[in-house]
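The structure appears right after this line, and notes come after that.
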Amino acid sequence: MAATVQQISLSSPFADQKPGTSGLRKSSKQFETPHYLESFIESSLRVLPGVAGGTLVVGGDGRYGNRRAIGVIARMAAAHGVARLITTTGGILSTPAASHLIRQNGAIGGVILSASHNPGGPEGDFGVKINGANGGPTPESITDAIFAVTQTLDGYRILEGTPELALDQPGSQQLSAMTVEVVDGVEAYVALMQKLFDFDAIGDLLRGDFPIAFDAMHAVTGPYATRILEGLLGAPAGTVRNGTPLEDFGGGHPDPNLTYAHELAELLLGSDAYRFGAACDGDGDRNMILGQRCFVNPSDSLAVLTANATLAPGYADGLAGVARSMPTSAAADVVAKDLGLPCYETPTGWKFFGNLLDAGRITLCGEESFGTGSNHIREKDGLWAVLFWLNILARRREPVAQIMAEHWNRFGRHYYSRHDYEAIASEAAHGLYKRVQEMQPALVGQAFAGRTIATADDFAYTDPVDGSLTSGQGLRLLLDDGSRVVLRLSGTGTQGATLRVYLESYVPPSGNLSQDPQAALGDLITAIDGLAEIKTRTGMDRPTVIT
Ligand code: VG1
Ligand code: CO
């Protein structure tokens with residue numbers, strides 16, 4: 001049959017389903033229902049500027065559903081007049097590498113197939129993230145417009161009668177009038193990293209007595225890490241663990257934290273076999289950094305990268321500024337102040353960094369949720385953070401634990417922890433949240449954990465570049481000694497609701513810098529449980545994940 005554009009009629013499957021902070025993330029089963037993926041892609045193609053005649057990048061983290069989705073998106077892109085579609089061998093493309101491909105090729109944007117750190121497979125989750133021409137997550141104006149189209153959608157356009165795309169090797173093929181270019185998804189990204197970091201110095205370090213372990217968690221960073229660490233930098237074979245992307249991530253939860261990457265954590269924290277360890281998440285944008293018997297919390301990691309940035313060639317000229325998401329600790333703020341750099345506090349989610357990066361106001365940014373990045377792309381970047389740390393270690397030649405100790409001795413320490421209560425009943429979560437929200441005005445001036453509540457608010461952000469206002473971003477209790485507790489409901493979970501409790505307390509260089517964070521934050525933990533009735537209302541004795 002000749003390739004023809006079909007107009008499929010339907011009634012929108014999206015009644016009331018507002019996309020979350022990172023696009024559309026649902027169960028694989030949901031994505032397999034007829035017209036579901038197609039409806040979201042149709043809505044996105046109608047809203048994204050420049051589709052007709054433009055270039056689009058498509059790829060994903062290799063989870064179950066990846067190849068099928070690439071085929072559907074390609075046929076829909078052709079039906080919407082896209083001139084050139086860039087995808088990768090096997091359809092494997094990390095989120096940061098996708099951001100780079102979009103920017104490098106002057107694309108109108110990209111479609112990234114991933115549910116990030118959520119489990120994959122037929123019983124797991126799938127997701128679609130729409131990125132714009134700057135390579136970053138589309139701003140709220142676009143996600144809101146896509147959502148609006150989904151509400152009234154009555155059909156979609158797709159090319160039918162075409163052979164399956166050949167994704168196994170690089171090459172070019174035609175899909176009706178559209179050119180499909182299959183490129184090596186790793187190459188361009190590797191070249192970018194070589195521009196930013198001193199590969200000679202890192203190679204010297206790794207070829208010496210400096211064993212490291214990298215856990216790709218059977219997700220997308222395997223091929224990138226193997227080529228960079230074992231290939232270019234000379235680390236021994238086996239340095240990259242779980243390096244083959246699997247459709248179900250080997251049954252694991254590709255979230256690089258102490259709970260889900262516990263094997264790696266035990267190797268680093270419970271033995272002296274390795275000097276450095278790191279892991280990345282499903283789509284490669286998150287990172288966890290470990291040293292020998294040392295866990296680096298992501299807020300501290302951003303602060304250390306800021307303080308040591310000029311050791312890496314790509315940042316040798318200094319930084320324009322830094323930004324962190326609101327729940328991230330203020331460790332980077334202290335460094336920024338010391339360096340005389342502007343420092344911004346944004347709502348959770350990478351899209352808010354995009355404007356600041358585009359405007360040249362910041363160079364580095366990060367989130368407490370294991371996300372760190374810079375102006376080299378418009379997404380957070382897991383392997384970039386790993387290479388940045390290795391570059392610093394190669395130059396300083398000190399153990400990670402010593403770098404942390406010296407950092408705290410100079411800037412003071414922000415004890416920090418996040419407690420997640422996952423998959424709780426939606427009603428219980430919203431009830432708890434609303435109650436605290438309503439209590440907030442009366443909380444100011446009240447005693448809390450031996451301090452006084454100075455401010456109690458729901459975080460709102462006015463974008464300094466475009467003036468847009470984003471409110472309802474998390475309930476803050478700011479205490480008179482600079483400590484704080486924040487409550488937020490997750491926007492990325494797919495089962496019930498997830499309550500996140502963020503705890504932070506600052507100790508100056510003269511104070512006790514070597515406590516266990518859970519102990520240092522113990523009084524805040526008890527006090528917020530009492531105030532918000534977390535245990536009784538969630539019916540959970542303890543958080544599912546403690547970071
Ligand atoms: C979580 C994190 C947030 C991050 C988001 C996307 O969101 O807390 O910091 O930006 O995931 O990360 P939430 O709403 O569940 O707290 V990823 O790795 O999916 O791109
Ligand atoms: Co991710």
Side-chain angles (χ1 to χ4, degrees), residues 20-22 25 115-120 124-125 127 215 217-219 249-270 277-283 285-290 295-301 325-329 348-349 366-372 380 382 414-426 428-429 432-433 474-475 485-504 516-522 524-526 528-529 532 534-535 537-547:
T21 38
S22 329
R25 198 178 290 198
S116 192
H117 51 283
N118 295 26
D125 290 334
D215 193 344
M217 304 187 87
H218 284 304
F249 307 123
H253 196 140
D255 197 355
N257 60 35
L258 295 173
T259 303
Y260 296 122
H262 59 92
E263 266 175 40
L264 181 81
E266 278 152 28
L267 274 180
L268 270 293
L269 303 179
C280 290
D281 74 330
D283 63 328
D285 57 0
R286 296 188 178 200
N287 72 91
M288 175 168 73
I289 302 293
L290 298 157
F295 165 70
V296 180
N297 93 46
S299 300
D300 278 346
S301 179
S325 68
M326 179 274 283
T328 304
S329 94
T348 295
E367 295 192 277
E368 46 62 43
S369 54
F370 298 89
T372 333
K380 52 189 182 271
H414 291 77
Y415 284 103
Y416 186 84
S417 185
R418 183 174 109 180
H419 289 194
D420 294 331
Y421 296 81
E422 296 177 317
I424 48 184
S426 204
L432 181 158
Y433 196 81
L475 306 180
V485 179
V486 176
L487 300 182
R488 252 190 89 244
L489 293 175
S490 158
T492 60
T494 54
Q495 282 157 27
T498 292
L499 173 71
R500 304 202 195 284
V501 182
Y502 307 85
L503 306 136
E504 176 179 348
D516 167 63
Q518 300 308 315
L521 298 165
L524 293 177
I525 294 169
T526 309
I528 190 61
D529 183 50
I534 297 173
K535 289 197 181 92
R537 285 170 178 268
T538 62
M540 293 165 90
D541 261 0
R542 64 180 75 86
T544 33
V545 178
I546 293 182
T547 301

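Because the structure is predicted, anything quoted here is derived from the model rather than measured.
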**OP:** Could you walk me through whether Phe295 and Asn257 pass side-chain contact (heavy atoms from CB on, under 4.5 Å), step by step?
**Re:** CA-CA 10 Å; Phe295 165 70; Asn257 60 35; over 6 Å; no
Subject >> Stepwise side-chain contact (heavy atoms from CB on, under 4.5 Å) test for Thr547 and Asn297 >> reply: CA-CA 8 Å; Thr547 301; Asn297 93 46; 5.8 Å; no
Original post:
Going through the distances and angles, do Leu258 and Leu269 end up as a side-chain contact (heavy atoms from CB on, under 4.5 Å)?
Top reply: CA-CA 10 Å; Leu258 295 173; Leu269 303 179; 4.1 Å; yes
**OP:** Could you check Thr498 against Asp420 for side-chain hydrogen bond (donor to acceptor under 3.5 Å, both in side chains), going step by step and ending with a plain yes or no?
**Re:** CA-CA 7 Å; Thr498 292; Asp420 294 331; over 6 Å; no
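When every heavy atom of Lys535 is checked against every heavy atom of Asp529, the shortest pair comes out as N-OD1, 2.9 Å. Closest heavy-atom contact between Ala261 and Ala279: CB-CB, 4.5 Å. In this structure, Leu264 and Ala278 approach most closely via the heavy-atom pair CD2-O, 3.4 Å. For the residue pair Ala219 and Pro254, the shortest heavy atom distance occurs at CB-CB, 4.3 Å. Here the closest heavy-atom approach between residue Tyr416 and residue Ser329 is recorded as CD1-CB, 3.5 Å. Smallest separation of non-hydrogen atoms from Cys280 and Met217: O-SD, 3.5 Å.
In this structure, the side chain of Asp125 does not engage the main chain of Arg25 through any donor-acceptor pair within 3.5 Å. No donor-acceptor pair closer than 3.5 Å links the side chain of Glu368 to the backbone N or O of Pro298. Side chain of Thr544 to backbone of Glu422: a donor-acceptor contact under 3.5 angstrom is found.
Rounding to the nearest 0.5 angstrom, the gap separating the OH atom in Tyr421 from the OG atom in Ser490 is 15.5 Å. Taking CG from Leu489 and CG from Leu475, the interatomic distance works out to 8.0 Å, rounded to the nearest 0.5 Å. In this structure, the separation between CG on Leu499 and OH on Tyr433 is 9.0 Å, given to the nearest 0.5 Å. Note that the CZ atom of Arg537 and the CD1 atom of Ile424 stand 11.5 Å from one another [nearest 0.5 Å]. In this structure, Leu521 CG and Ile528 CD1 are separated by 12.5 Å, a value rounded to the nearest 0.5 Å. Between the CD atom of Glu504 and the OG1 atom of Thr328 there is a distance of 9.0 Å, given to the nearest 0.5 Å.
Heavy atoms of other residues, nucleotides or ligands lying less than 6.0 angstrom from CD of Glu263 number 12 at most.
Contact check for Pro327 versus Arg488: side-chain heavy atoms found under the 4.5 Å cut-off. For the pair Ile534/Leu432, a side-chain contact is recorded, criterion being any heavy-atom separation below 4.5 Å from C-beta on. Taking the side chain as every heavy atom from C-beta outward, Lys380 and Phe370 never approach each other to under 4.5 Å. For the pair Leu503/Tyr415, no side-chain contact is recorded, criterion being any heavy-atom separation below 4.5 Å from C-beta on. Between Ser417 and Ile546 there is a side-chain heavy-atom pair separated by less than 4.5 Å. For the pair Ser369 and Arg500, the minimum side-chain heavy-atom distance is 4.5 Å or more. Asp281 has its side chain out of reach of Tyr260: every pair of non-hydrogen atoms, C-beta onward, lies at least 4.5 Å apart. The side-chain heavy atoms of Val296 and Leu290, taken from C-beta on, include no pair separated by under 4.5 Å.
Under the salt bridge (Lys or Arg N to Asp or Glu O under 4.0 Å) criterion, Asp255 pairs with Arg286, sequence neighbours left out.
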